[in-house]
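Have a look at this one before I ask anything.
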Amino acid sequence: MNAELPNITELFDLTGKSALVTGASGALGSVAAKALAAAGAAVSLAGGNLEKLEETAGVIRNAGGRAHVIHRRPDSEENVDGMVQAVLD
């Protein structure tokens, strides 16, 4: 590998960070959540389909990552505030 290219693992190291992924019960949100977890982030998964959220959380946990399910949609200020509070707790 070219020594001048940045190391992608170091460049995107999210160890010790938290991430909130809305739409995590959908295909793109699920992939984003898995990528963030693979980079070391503790991921909070938010969305409307509890079964899909739990499925994605299981994949992350089985790979050694940390995942928290928040069964809410970001369709109101109250729900968004609740999601953020769940991440902070």
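Just so it is clear, the values below take in all heavy atoms, side chains as well, and ignore hydrogens, waters and symmetry mates.
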Examine distances only and state if a side-chain atom of His68 and a backbone atom of Val87 form a donor-acceptor pair shorter than 3.5 Å.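 Flag not set: sc His68 to bb Val87 has no pair under 3.5 Å.
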Considering all heavy atoms, the nearest Ser30-Thr56 contact: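 Closest approach of Ser30 to Thr56, heavy atoms only: OG-OG1, 3.0 Å.
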Can you confirm whether Gln85 is buried at CD, in the sense that more than 12 heavy atoms of other residues, nucleotides or ligands lie under 6.0 Å from that atom?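 Yes, because the 6.0 Å sphere around CD of Gln85 holds more than 12 heavy atoms from other groups.
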List the atom of Leu20, the atom of Ala46, and the distance in Å for their closest heavy-atom pair. CD1-CB, 4.2 Å
Decide yes or no for Leu36 and Leu14: does some side-chain heavy atom of the first lie under 4.5 Å from some side-chain heavy atom of the second? yes
Heavy atoms, side chains only, cut-off 4.5 Å: are Met83 and Pro74 in contact?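 Side chain of Met83 against side chain of Pro74, heavy atoms only: contact under 4.5 Å found.
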Measuring from Glu51:CD to Glu54:CD, what's the distance to the nearest 0.5 Å? 9.5 Å
Answer yes or no: is there a donor N or O on one side and an acceptor on the other, between the side chain of Asn49 and the main chain of Ser25, under 3.5 Å? no
Okay, side chain of Asn62, backbone of Gly58: is any donor-acceptor separation there less than 3.5 Å? yes
Arg66 side chain near Val43 side chain, heavy-atom distance below 4.5 Å: no
With a sphere of 6.0 Å drawn around CZ of Arg72, does it hold more than 12 non-hydrogen atoms of other residues, nucleotides or ligands?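 Correct, the count exceeds 12.
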Yes or no on side-chain contact (heavy atoms from CB on, under 4.5 Å) for Val69 and Leu50, after CA distance, side-chain angles and deciding distance? CA-CA 8 Å; Val69 170; Leu50 182 58; 3.8 Å; yes
Hey, does the side chain of Arg61 reach the backbone of Ala67 with a donor-acceptor pair shorter than 3.5 angstrom?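 Indeed, once roles are kept as given, a pair shorter than 3.5 Å links the two residues.
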Of all heavy-atom pairs linking Ile60 and Ala37, the shortest is CG2-CB, 3.6 Å
Leu28 atom CG: more than 12 heavy-atom contacts under 6.0 Å: no
Closest non-hydrogen atom pair, Lys34 against Val59: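 Scanning both residues, the minimum pair turns out to be CE-CG1, 4.0 Å.
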